[in-house]
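Numbering of ligands and ligand atoms starts at 1, following listing order.
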Amino acid sequence: MAVRNLILVLGDQLTPNLSSLAAGDPVRDRVLMAELQDEASYVRHHKKKIAFLFSAMRHFAEELRGLGWTVDYVTLDAPGNQGNFSDQIAHAIAELTPERVIVTQAGEWRVDEVMQGWSARFGLPVDILSDDRFLCTPSAFRQWAAGRKQLRMEYFYRDMRRQTGLLMAGDQPVGGQWNFDADNRKPAAADLFMPRPRTSAPDAITEEVLTLVDARFGNHFGDLMPFWFAVTRVEAEQAFAAFVAQSLPHFGDYQDAMLAGEPFLYHAVIAQYLNCGLLDPLQVCRAVDAAYHAGRVPLNAAEGFIRQIIGWREYVRGIYWLKMPGYEQSNFFAHTRALPDFYWTAQTDMACLKAAVTQTKEQAYAHHIQRLMVTGNFAMLAGIDPHALHEWYLAVYADAYEWVELPNTIGMSQFADGGLLASKPYAASGAYINRMSNYCGSCHYAVKQRTGAQACPFNALYWDFIARHRDKIAGNPRMAQMVRTYDKFGPEEQRKIADSAAAFLASL
Ligand code: FAD
Ligand code: DLZ
Ligand code: SF4
């Protein structure tokens with residue numbers, strides 16, 4: 001039977017009720033999936049990330065076949081592999097002569113732009129359907145943002161609570177408060193019984209992918225082994241269920257904590273599954289809502305978790321589509337310093353950065369506070385080019401896709417958009433890291449010292465950042481106090497700060 005529709009499924013669209021699949025018919029339509037050199041290398045992704053996605057894609061193709069679909073799955077080493085989406089689809093159109101192409105909108109602007117040209121290029125109708133795995137469409141977000149003087153996640157989040165009914169009692173938030181963030185700032189203590197993310201053993205499909213990735217991407221950053229990510233929907237659901245049972249009760253309390261030797265703490269480690277479609281964001285939030293109502297998790301944990309997903313995750317996506325293209329070039333502080341080598345090698349005497357980069361290399365994972373307050377904070381204080389940093393985050397994390405990574409990097413962590421996304425720069429000295437972690441105790445540097453060769457570099461860099469950018473930040477009510485404190489230091493201390501910061505930066 002002639003193929004009616006050709007349905008292209010991208011690597012981060014591994015969801016059986018995806019809009020493109022829901023619009024098709026397993027009997028008359030053909031699904032195309034492809035492992036592509038261009039997608040694996042437009043930034044040099046972590047080896048674990050590539051292996052995770054290729055294996056999850058191969059398992060998803062099997063899942064679709066089980067549902068009755070005919071899937072043309074093009075492996076990276078297949079003879080007909082064209083290396084990029086456009087040529088791959090041209091190749092399939094020539095072979096199958098479908099009447100039309102159906103695809104769900106891509107997550108990244110870069111791919112969306114290419115797709116917009118397909119109908120003209122192929123002389124066929126190309127239906128680009130909305131991605132309904134998100135709660136808020138780009139156009140609904142645009143409407144929400146229109147006319148507001150300031151965009152703030154908190155107000156967007158409240159609307160999402162009302163829209164979904166999550167943790168709501170009628171039109172009021174459960175517990176009488178929308179946000180329990182203030183309760184979520186406890187430092188963690190080492191605990192012999194600390195839960196760990198559920199691991200999955202590689203099956204034959206994953207083993208084959210691991211061999212392929214080792215051969216083809218052996219020179220990319222990161223450790224391929226041990227490989228323990230879930231690669232099927234069932235395994236991802238098991239990993240999430242284990243999180244809810246074991247870690248979620250403590251998720252709220254220790255959300256901002258960092259601990260040497262504990263890369264995951266009480267975090268869910270599910271963003272890689274959500275972002276490629278193995279888990280559904282609304283379903284996981286409903287499960288957490290149910291766990292709260294069943295008395296299995298406290299409200300600050302349930303609310304904190306749900307806020308990250310229906311609040312931050314949706315909000316950053318809204319900002320991405322509102323501001324692309326162009327957002328990736330934002331550079332409010334005009335920072336131009338190259339990314340230090342230790343972001344790749346972990347060769348640094350700063351214990352906090354060494355820990356964050358080492359686990360990133362080993363696990364393709366670091367939790368939010370490590371990304372924001374260690375690698376991100378350091379880069380902003382040191383004046384690193386935000387675009388170079390963006391490419392680093394996009395490459396090194398298993399959960400990284402531009403729609404979510406870019407606003408987190410440019411907006412939240414670097415304040416490079418001048419305050420569109422965040423209300424103040426997330427800049428902090430060593431004191432913050434010392435309060436929220438136990439890294440400083442074993443560090444080469446002295447966290448309580450502000451200047452001099454032994455002083456924690458975050459300290460002089462912090463005050464030097466305040467001094468360098470005072471014109472840009474003094475007007476921010478949440479930063480003005482820091483500018484006043486700096487002014488009180490007096491010229492001698494200020495000179496020492498500038499000298500210490502300059503000496504450290506010269507050593508990078
Ligand atoms: P948990 O801490 O257990 O949180 C649960 C879920 O909430 C996450 O799985 C994620 O889906 C969501 N979430 C939490 N915080 C955010 C946030 N700020 N933005 C969007 N979703 C959030 N997240 C990504 O998914 N991909 C990225 O590429 C990415 N890049 C980031 C870059 C920087 C500089 C920063 C500061 C944050 C970035 N984040 C990114 C957000 C966050 O750090 C990760 O979602 C989180 O660390 C993933 O780990 P987890 O699943 O254990 O999350
Ligand atoms: C991230 C990624 C990688 C590493 N490889 C592939 C691939 O081989 N084939 C594919 O369809 N998708 C891959 N992806 C995910 C895409 O980059 C993602 O779909 C686009 O960035 C659009 O969001
Ligand atoms: Fe990081 Fe400074 Fe603490 Fe060392 S002393 S771990 S550099 S914050």
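Contacts between F264 and ligand 1 below 4.0 angstrom, taking non-hydrogen atoms only, are absent altogether. When non-hydrogen atoms are compared, ligand 1 lies under 4.0 Å from the backbone of D399 as well as from its side chain. By the criterion of a heavy-atom distance under 4.0 Å, the side chain of M412, and not its backbone, is placed next to ligand 1. Contacts with ligand 1 closer than 4.0 Å are made by side-chain heavy atoms of N275 only, the backbone lying farther away. When heavy-atom distances to ligand 1 are checked against a 4.0 Å cut-off, Y397 has no atom that comes that close, whether in backbone or side chain. Residue contacts with ligand 1 for P281 are absent, since no atom lies close enough (heavy atoms, distance under 4.0 Å).
Considering A431, A446, C352 only, the shortest heavy-atom separation from atom 6 (S) of ligand 3 involves C352. When the heavy-atom distances from atom 7 (C) of ligand 2 to A40, G107, S41, A34 are ranked, the shortest goes to A34. The option with the heavy atom closest to atom 46 (C) of ligand 1, from among H390, H267, E314, R371, is R371.
Residue E35 places no N or O, backbone or side chain, under 3.5 Å from any N or O of ligand 2.
Considering only non-hydrogen protein atoms, atom 7 (O) of ligand 1 sits nearest to Q308 CB, 3.1 Å.
Heavy atoms of W403 come nearer than 4.0 angstrom to ligand 2 in no pair at all. Within the 4.0 Å heavy-atom cutoff, M57 counts among the residues contacting ligand 2. Ligand 2 is approached by R110 to a heavy-atom distance shorter than 4.0 Å.
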